[in-house]
> 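Just passing along the structure, written as structure tokens.
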Amino acid sequence: MHNDTETVTRAPEHAPINWVTTILFTALPLAAVTVVPWYGFTHGFSLAAWVLALVSLWACGIAITAGYHRLWAHRAYSAHWSVRTFLMLFGAMALQNSILVWGSQHRTHHRFVDDWDKDPYSAKRGFWFSHMGWILRNYPSGRNDFSNARDLERDPIVMFQHRFYIPLTIFMNVAVPLLAGWAVGDVWGVFLLAGILRLVVNHHFTWFINSLAHMWGSQPYTDENTARDNPMLAFLTYGEGYHNFHHIFQNDYRNGVKWWQYDPTKWLIAGLSYAGLANNLKRVPDLWIQRAQVAMQFKRVEKALEARRNRPGDEHIDRLKARVAEEYAAFRKSVEEWGKLRDQWVADRKQRLLQRWEETSFRLQLKQIEQGLHLQRRRLRAMSKASLAS
Ligand SMILES: [Zn+2]
Ligand SMILES: [Zn+2]
């Protein structure tokens, strides 16, 4: 069980203030809510400035989600050097530290999720800490340790960015907006909207993933950690709001795993792969996803039935519980069988020992099990609905 009161039971930690981030992340939002509207009222912004602000917001946002997060932190796919260069440059523009630091910290976040002392932005330490508090002080949990990022240290694009991070980020955040503004004849308008405002908006949208996406939403795949699925956050974060799925299957290039879930990062990666600019896209087998969902459904049904128990030894509830347990056991057995068959199939294919007809019979067996599973899931869902409703 999670101890949700932990956030208030532990004394606040007074780590030394990081003056660079504190001044920067105070001055930027202040400018965004004072200078930006003042300039808008007194001088007005050109249409070009608004368009450039949106374009840069998207470019930086995607550079973090498709680049920093799914490509580098999780290696969910591989990308052509031209794509990696683009993601590296706009990632530097997003001002969220270098790929190496970000990727290493994020791997620590997944490994020790919710751990007060080890997760660099543990949601157990409250909204403020997980949103941006962790950046403003030098907490022991935020110490750099690149031993989990040796692969990133071998990537020349990552190391180039790490070495020249400060000049790169100044170039992308000052020189590029000023140059673009000069090109469209609205230097200050573009600088304020595509430079300052874009930076602040992008920061908070990204930070929502560490704060809100660990507090607000549903848990369809796991309740072993605080991560939540939240379509509203997915809308603001290019698909990263499906964070419950992401924490259980972190190497999948999709976060919104269903085809209808809003995940433009997933669509971009699939599009790049179609164009030959990305490959090695990782997906977990659909059945593993179903297994996680069914396990959660089962837990919920059990809880709901337990809550409806009026007196000890309530026979009606016991009967229902037994039926659900039976159904769940059957489901797990089928999944296991499916897994074994699939492993066998993969192994045999590797050895090239299979005759064509055998392969067909394997596929047929797999298909049959999959169909049976589909029916079992429907029965389980119906039972869970019935037990929750009545
Ligand atoms: Zn997380
Ligand atoms: Zn992640």
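Just so you know, residue 1 is the first one in the sequence shown, and it goes up from there. Indexing begins at 1, ligand by ligand and atom by atom, following the structure's order.
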> What orientation do H106 and H246 show, parallel under 30°, tilted 30 to 60°, or perpendicular over 60°?
parallel

> State the atom name: nearest N, O or S atom of H110 to the Zn ion (ligand 2).
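Restricting H110 to its N, O and S atoms, the minimum distance to the Zn ion (ligand 2) goes to NE2.
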
> Hey, are E337 and K340 close enough for a salt bridge, meaning a charged N less than 4.0 Å from a carboxylate O?
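Salt bridge between E337 and K340, a charged N being under 4.0 Å from a carboxylate O: no.
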
> Could you identify the N, O or S atom of H106 positioned closest to the Zn ion (ligand 2)?
NE2

> Students often mix this up, so state it plainly: with edges at 30° and 60°, are the rings of H43 and Y39 parallel, tilted or perpendicular?
parallel

> With the Zn ion (ligand 2) at the apex, how many degrees lie between NE2 of H69 and NE2 of H246, rounded to 10 degrees?
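Rounded to 10°, it measures 90°.
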
> In degrees, rounded to 10 degrees, what angle do H109 atom NE2 and H214 atom NE2 make at the Zn ion (ligand 1)?
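NE2 of H109, the Zn ion (ligand 1) and NE2 of H214 span an angle of about 100°.
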
> Check whether the side chains of S141 and R125 place a donor and an acceptor atom closer than 3.5 Å, and report yes or no.
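Yes - a donor-acceptor pair under 3.5 Å links their side chains.
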
